[in-house]
There are 2 protein chains.
Amino acid sequence: MEKSFVKGLAVLEALARAGRPRGVTDLARELGMTKSNAHRLLQALVATGFARHDAEAGQYSAAPKLWELGMRVLAQVEVRDKAAAQLRQLARRSGEWVNLAIRDGIHVLFIERLEDGETVRGGYVGVRAPAHALATGKMLLAHAPAAVQQEAARRPQAFTARTIVDGAALLAELRRVRARGHASNRGEWREMVNSIAAPIWDGGAEPVAAVGITGPHQRMTLARQRELLALLLDSAAAISRRMGGGALGVAPVARG
Amino acid sequence: MEKSFVKGLAVLEALARAGRPRGVTDLARELGMTKSNAHRLLQALVATGFARHDAEAGQYSAAPKLWELGMRVLAQVEVRDKAAAQLRQLARRSGEWVNLAIRDGIHVLFIERLEDGETVRGGYVGVRAPAHALATGKMLLAHAPAAVQQEAARRPQAFTARTIVDGAALLAELRRVRARGHASNRGEWREMVNSIAAPIWDGGAEPVAAVGITGPHQRMTLARQRELLALLLDSAAAISRRMGGGALGVAPVARG
DNA sequence: TCGCAGCGTATCACATTGTGGAACATCGTT
DNA sequence: AACGATGTTCCACAATGTGATACGCTGCGA
């Protein structure tokens with residue numbers, strides 16, 4: 001089914017992920033295709049402006065066009081703009097890192113991150129992380145379609161000793177999160193990082209994003225998590241209101 | 001040559017550019033392909049995570065994965081990070097809009113924009129614009145390979161009465177810009193917007209980016225452009241230094 | 001200096017693969 | 001109830017993508 005297209009997309013993705021120019025043979029090896037195949041696909045990518053060709057080194061790299069198109073997609077995620085002011089306020093008041101994440105399958109994508117009330121530039125935004133090990137991730141997963149939850153519960157990967165690795169336990173946690181309207185994470189992703197998260201609604205059946213407050217475990221004690229919760233829920237509700245969603249911390253409509 | 005792949009990329013691009021969910025028939029019509037063809041390509045895009053399928057409305061839209069990959073590409077453009085501090089300073093000192101642009105063919109892509117010393121979020125960053133009508137664009141074009149200049153000089157499109165629409169005149173302007181080491185734009189893109197631009201070098205034969213100062217024509221008079229030039233050239237040189245390039249406002253090596 | 005090993009690129013006969021017309025299923029509208 | 005528009009599926013055909021092979025080039029070590 002659409003073999004060449006799928007292969008071509010794989011090349012594009014590998015090129016973008018690499019973050020540096022790559023050679024034909026190199027790519028062909030990684031993707032398990034022949035040199036000729038990789039070569040032809042790369043030519044097509046160059047012809048369409050998705051990749052660039054350094055004639056001297058003979059190497060290929062992803063072109064800015066990919067980034068341009070990506071920005072168009074981000075523009076669709078209107079929550080980013082609508083949340084900006086609230087997030088800044090939240091970051092100042094809490095004094096912790098604040099992030100905004102959306103779900104893509106069983107992963108989470110960070111679409112905004114603030115430190116000391118300032119937007120973080122490099123490194124963090126655009127990063128993909130497994131949903132089951134994050135507060136924002138669990139929050140979003142809790143309202144995801146059953147099929148997605150099942151997929152996430154199939155052998156959840158461990159990142160620390162505290163990561164939920166049991167499928168049934170994860171589903172139970174998701175039920176709890178859904179019932180409470182907020183999620184918490186204590187060292188499940190990075191050993192010494194804790195966080196809490198709340199959903200943002202736009203009136204649909206699923207939250208469009210989740211806001212999280214994250215901090216090192218020395219500061220982010222259980223007590224402090226509880227203390228910050230009200231602030232977080234307020235912010236999330238305020239953003240939800242701007243998004244045209246209910247201000248409640250729970251889904252506006254019941255789910256099967 | 002790689003027909004299906006090229007078609008598939010066209011679908012992906014159309015999807016991303018649209019910024020809203022689109023239907024099969026709709027896309028097929030725009031791209032001049034059959035419904036079945038568009039449908040199959042869309043299925044492949046969904047299968048690979050590049051697109052999403054709204055089962056209820058039967059419509060397709062670009063997935064966040066595209067944005068994620070785009071961010072990876074942007075990370076390659078290290079100039080963005082290295083320039084950040086200088087740009088903020090420049091924005092504060094000048095009190096005008098400051099932007100950072102890179103060249104992609106005969107177009108310019110804005111990779112950063114500051115207003116009042118604050119990074120602008122929506123709308124501007126990631127936008128593509130024709131190089132020949134912008135100060136940053138002319139600056140970058142001035143050091144582009146001859147083939148690119150020729151392409152840009154073939155029927156330059158008019159945007160205002162002041163846009164350079166004569167190919168020969170454009171090439172002459174590019175020579176001037178190259179000789180001077182900076183570019184200026186007075187109402188060639190938007191009627192009442194003027195700007196100046198300077199190149200950023202990383203040691204290569206072409207500038208990696210250009211910094212621009214932009215403002216409404218009431219404020220941005222000829223005199224003020226001259227006044228801001230020193231500030232601009234200083235900033236550009238400082239960024240170039242951080243990028244490992246010469247601090248000069250002209251190319252480090254002569255070009256044929 | 002030579003030869004080798006690695007690279008990116010070009011070629012070509014083969015059959016796998018993508019193709020588009022037509023038919024079907026589902027809507028909402030007339 | 002009939003229509004027009006949509007998204008979806010099917011299938012015979014051949015155009016299209018395929019990979020082994022060969023070529024030219026560069027850099028490295030003998």
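In what follows, chains carry the letters A, B, and so on, assigned in the order in which the sequence lines appear, proteins first and then strands, with residues in each chain numbered from 1. Nothing here was measured: the structure is a model prediction, and the numbers come from that model.
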Would you mind reporting whether I106(B) and V148(B) have side-chain heavy atoms less than 4.5 Å apart?
yes
When you compare the side chain of K82(A) with that of I200(A), does any pair of heavy atoms fall below 4.5 Å?
no
Below 4.0 angstrom from OP1 or OP2 of [N], is there any side-chain N or O of [X]?
X      : N      : result
Q43(B) : dT9(D) : yes
T25(B) : dA5(D) : no
Y60(A) : dT9(C) : yes
Q59(B) : dT6(D) : no
H39(B) : dT8(D) : yes

Roughly, in whole Å, what's the span from [atom1] in [X] to [atom2] in [N]?
X      : N       : atom1 : atom2 : answer
H53(A) : dG8(C)  : NE2   : P     : 9 Å
L41(B) : dT16(D) : CG    : C1'   : 14 Å
L42(B) : dT8(D)  : CG    : P     : 9 Å
L45(B) : dG18(C) : CG    : P     : 13 Å

Measure up the F5(A) and F5(B) rings against each other and bin them: parallel (under 30°), tilted (30 to 60°), perpendicular (over 60°).
tilted
Is the ring pair H143(B)/W201(B) parallel, tilted or perpendicular, if the boundaries are 30 and 60 degrees?
perpendicular
What string of B, S and - do you get for nucleotides 19-26 of chain D, 5' to 3', if B is base contact, S is sugar-phosphate-only contact and - is no contact with any protein heavy atom under 4.0 Å?
BB------
Which part of the nucleic acid, if any, lies within reach of E2(B) when heavy atoms closer than 4.0 Å are counted: base, sugar-phosphate only, or nothing?
sugar-phosphate
For R22(B), report the nucleic acid contact type (base, sugar-phosphate, nothing); a contact means any heavy atom under 4.0 Å.
nothing
5′-ward residue of the pair R29(A)/F5(A) relative to DNA chain C
R29(A)
State whether R242(B) and D81(B) are salt-bridged, where the test is any N-O pair (Lys NZ or Arg NE/NH1/NH2 against Asp/Glu carboxylate O) under 4.0 Å.
no
Do the charged groups of R154(B) and E151(B) touch, with an N to O distance under 4.0 Å?
no
R175(B): partners by salt bridge (charged side-chain N to carboxylate O under 4.0 Å, His left out), with sequence neighbours left out
none
